[in-house]
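Computed from a prediction, not measured in an experiment: that's the story for all the values here. Naming convention: chains lettered A, B, ... in sequence-line order (proteins, then strands); numbering from 1 in each chain.
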Protein chains: 2
Amino acid sequence: MDSAAGTNEKVGFHSWCPFLIFYSMQKLKEIAQKIRKIGKDDPRRVLHSLKVGLALTLVSIFYYVNPLFHGFGTSTVWAVLTVVVVMEYTVGGTLGKGLNRAFATLLAGALGLGAHHLAALAGEKGEPILLGVFVFMLAAMATFSRFVPEIKARYDYGVTIFILTFSLVAVSSYRAEDLIKLAYQRLSTIAIGVATCLCTSMFVFPVWAGENLHMLVAANLDKLACSLEGMGMEYIGEKMESRSLEGKSVLQSYKTVLNSKATEDILANFARWEPGHGRFGFRHPWKQYLKIGAVTRQCACSIEALNAYISTLQQSEQTTTDLEFKQKVQAACAEMSKETGKALAELASSILEMKWSSTAGKYLAMAAEAACKVKALVPAENSTLLEVLIAATTTSMLTEVVRCTNPVIAAVEELSRLAEFKRPEHGRNAGAESPPHVVIDIEK
Amino acid sequence: MDSAAGTNEKVGFHSWCPFLIFYSMQKLKEIAQKIRKIGKDDPRRVLHSLKVGLALTLVSIFYYVNPLFHGFGTSTVWAVLTVVVVMEYTVGGTLGKGLNRAFATLLAGALGLGAHHLAALAGEKGEPILLGVFVFMLAAMATFSRFVPEIKARYDYGVTIFILTFSLVAVSSYRAEDLIKLAYQRLSTIAIGVATCLCTSMFVFPVWAGENLHMLVAANLDKLACSLEGMGMEYIGEKMESRSLEGKSVLQSYKTVLNSKATEDILANFARWEPGHGRFGFRHPWKQYLKIGAVTRQCACSIEALNAYISTLQQSEQTTTDLEFKQKVQAACAEMSKETGKALAELASSILEMKWSSTAGKYLAMAAEAACKVKALVPAENSTLLEVLIAATTTSMLTEVVRCTNPVIAAVEELSRLAEFKRPEHGRNAGAESPPHVVIDIEK
């Protein structure tokens with residue numbers, strides 16, 4: 001495509017017009033493929049889209065069907081509005097938003113009516129002033145409450161609706177004649193909207209946040225297991241020198257685990273709104289999934305450190321003199337890696353099947369045994385060598401930290417160029433170069 | 001408090017009534033302290049709450065002041081609604097939501113009118129059916145588009161408003177007589193709402209997402225620097241054996257860096273909506289901050305691995321024979337740690353002051369020099385010892401991975417108890433015990 005675009009500039013409109021069409025067609029094809037992939041990756045997304053359409057059409061019927069319309073009047077728009085805003089991908093999300101909306105509307109509506117009556121006592125001139133003061137105070141206090149982490153996590157949407165409804169009732173009440181009737185109509189339409197959302201969300205191909213969390217935590221454990229087993233097989237084992245780790249997607253799969261916290265938190269939050277479903281009771285310990293997630297990420301972190309160390313080791317050339325020793329250590333390392341991988345895979349399937357097995361502990365014990373093998377290989381008659389080993393490990397890990405700082409310097413240096421940071425006068429020319437790249441080969 | 005509650009059950013109402021009051025007072029005090037702390041931690045939160053109140057009161061004036069009210073009718077509620085929903089903590093958030101709302105309303109309104117005219121051609125009976133089909137299709141397609149990551153990140157709110165407005169216009173159009181006038185009123189009130197939000201958000205103590213991101217990235221680098229310098233001083237250095245790392249909050253500060261991705265992503269997303277402000281131009285390279293964040297987290301990961309290793313090392317007893325060697329290695333390690341910390345601190349202040357300095361690279365070079373010192377300490381006349389060192393490091397890091405798996409097993413085991421997983425018949429009694437805890441002391 002690039003070469004075609006390059007020659008186009010010299011030729012006339014008629015000759016590059018087909019290219020333009022071709023290019024647009026290519027782009028459209030790409031987008032279509034991307035959309036198809038999104039749908040294929042999780043077909044529940046297509047179903048969810050159809051469900052939203054269904055819920056909206058159902059609610060519109062209230063408007064189209066004449067007798068109902070005469071009962072509720074223009075308040076029906078609130079049902080449409082509720083459906084659009086409340087409908088979430090998971091049942092827990094919909095339920096949480098729906099309950100938040102319903103209760104916040106009720107509470108704020110009652111408070112708004114109270115404020116209206118109180119303000120009416122102040123006379124015709126005082127009323128708008130007093131109402132303005134009420135709106136200001138309530139809105140400021142409610143907004144501040146959103147900074148409390150517990151409220152932010154569970155009732156953020158409810159607080160928004162609370163401010164909204166209170167302001168609307170307080171403001172409208174100054175004009176509307178038949179306030180109670182209006183409030184009744186609005187509440188019923190919101191209830192209709194929430195009910196429609198809940199029914200479509202729970203009874204038509206439901207997507208449960210709890211189940212998603214359950215799957216995600218197990219999948220993350222499985223990713224670590226795959227990475228470790230892959231490393232044991234391909235990498236630390238026989239083929240250690242021949243291949244690079246960078247290209248292996250299986251070995252890199254642990255990386256996504258490192259950033260899974262936000263998704264897990266949201267899912268756990270939604271899951272707590274959900275009623276019992278399938279294999280999960282109403283009071284299923286969703287918090288425990290977050291704990292598993294936290295220790296899983298710690299595990300991923302240590303895999304990341306190991307991975308980084310081995311990658312740098314591969315890049316440095318090594319001459320092997322004691323081939324037998326090296327092979328024995330590699331075999332033991334491969335076993336440690338594989339057995340730990342098996343333990344994690346066992347845990348993942350234990351979660352998936354909701355069936356505890358103590359096999360994971362056995363695998364881990366075998367990994368520990370393999371570690372002891374390495375210990376036996378090292379001639380540890382004198383304790384000086386032992387100290388050397390500890391020193392070597394600590395230094396290697398610290399060296400890893402130092403190495404990790406290199407890309408940070410490079411990234412900040414790039415920012416300093418992009419954002420045009422000030423540079424010291426004398427170093428203006430030198431600063432344009434890339435930062436000094438520190439190469440440490442402690443074991444070479 | 002616990003002992004008081006324990007004795008209360010035996011005594012009558014009159015004697016525990018004061019306790020109840022005392023307890024409630026205590027609780028209220030705690031909540032008050034918590035709220036005060038939230039406000040003190042970032043006084044901009046209090047200002048933001050007042051700003052929301054101000055914007056809402058300003059918009060209410062449109063309702064209270066009579067001449068304006070007669071011009072816009074009941075559409076004024078849309079201005080209130082807009083203010084409540086659009087007003088965000090940062091300028092970028094408000095701007096992004098406001099623009100999304102404005103353009104989505106415009107586009108969906110036009111499409112809704114088109115759909116109305118098209119449906120009118122189908123006759124009185126066909127119109128509601130055709131409109132229902134339109135609403136269903138548009139809502140389903142728009143909902144599906146929210147699964148595209150790029151749209152989700154920047155236009156999620158816009159898509160919601162698009163579905164909302166299209167449904168409302170399509171549904172209302174079937175009834176409302178003066179559709180164009182209504183659309184004009186609604187658009188103007190939304191514009192008034194968005195303008196009010198933007199003015200209060202941008203001109204009254206603005207909170208810029210870009211500036212927050214800038215500060216956050218620098219603060220994260222600084223946290224790593226503090227941890228490393230602290231480790232170098234207190235820990236790897238002279239006082240290695242005497243203290244435990246767990247209690248030191250300075251040394252643990254790097255942990256929050258590991259989970260900073262979600263916040264950084266949101267801030268960078270908001271920052272892209274913001275106009276130039278202060279030291280930041282309109283096209284400030286916000287994406288580069290995300291890159292710095294990513295490598296910072298990698299660095300934090302390797303610190304975590306090092307930290308975990310040293311913690312376990314501290315717990316195992318060691319007899320020192322060659323005190324001089326040990327001290328030399330520790331001194332070199334302490335220097336590596338301190339110099340890397342200095343490099344990171346230098347980078348943090350370089351970002352904060354927006355002034356590039358190449359000192360960070362020099363510090364890192366000194367860390368590398370210290371690493372060479374350790375290398376010189378190890379008698380490396382024969383290459384067998386070198387291989388032993390590599391083997392030791394790899395094994396130690398792998399052992400770390402194995403150790404990290406222990407808490408995962410424990411966490412899953414706890415879940416299996418809490419959620420009442422099935423247990424194999426023969427192991428029902430054994431399963432109640434805690435899982436086997438593997439202890440590996442490779443270097444002992």
Rounded to the nearest 0.5 Å, what separates atom [atom1] in [X] from atom [atom2] in [Y]?
X        : Y        : atom1 : atom2 : value
B:Ile129 : A:Thr57  : CD1   : OG1   : 12.5 Å
A:Cys301 : B:Leu258 : SG    : CG    : 5.0 Å
B:Leu306 : A:Ser302 : CG    : OG    : 12.5 Å
B:Ile163 : A:Met87  : CD1   : CE    : 10.5 Å
A:Thr143 : B:Leu56  : OG1   : CG    : 7.5 Å
B:Leu50  : A:Met141 : CG    : CE    : 11.5 Å

Which pair of heavy atoms, one from [X] and one from [Y], lies closest together, and at what distance?
X        : Y        : answer
B:Ala140 : A:Ser49  : O-CB, 3.2 Å
A:Ile38  : B:Phe147 : CG2-CB, 3.8 Å
A:Ala411 : B:Gln288 : O-NE2, 2.8 Å
A:Ala262 : B:Ala262 : CB-CB, 3.8 Å

Q | Options A:Lys291, A:Lys261, A:Lys34, A:Arg45, ranked by heavy-atom pairs under 4.5 Å with chain B, top entry | A | A:Arg45
**Q.** Top contributor to chain B contacts, counting heavy-atom pairs under 4.5 Å, from A:Val148, A:Asn259, A:Thr160
**A.** A:Asn259
Heavy-atom distance under 4.5 Å to chain A: side chain of [X], backbone, both or neither?
X        : answer
B:Leu138 : neither
B:Arg146 : neither
B:Phe280 : neither

Heavy-atom proximity to chain B below 4.5 Å, by part of [X]:
X        : answer
A:Leu224 : neither
A:Val46  : both
A:Lys51  : neither
A:Gln298 : both
A:Ile161 : neither

Q: Among B:Cys299, B:Ala305, B:Ala139, B:Ala300, single out the residue with the greatest number of heavy-atom pairs under 4.5 Å to chain A.
A: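 Maximum pair count with chain A is reached by B:Cys299.
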Q: Using the test side-chain contact (heavy atoms from CB on, under 4.5 Å), find all partners of A:Ala360 that sit at least two apart in sequence or belong to another chain.
A: A:Ala343, A:Glu346, A:Leu347, B:Ile409
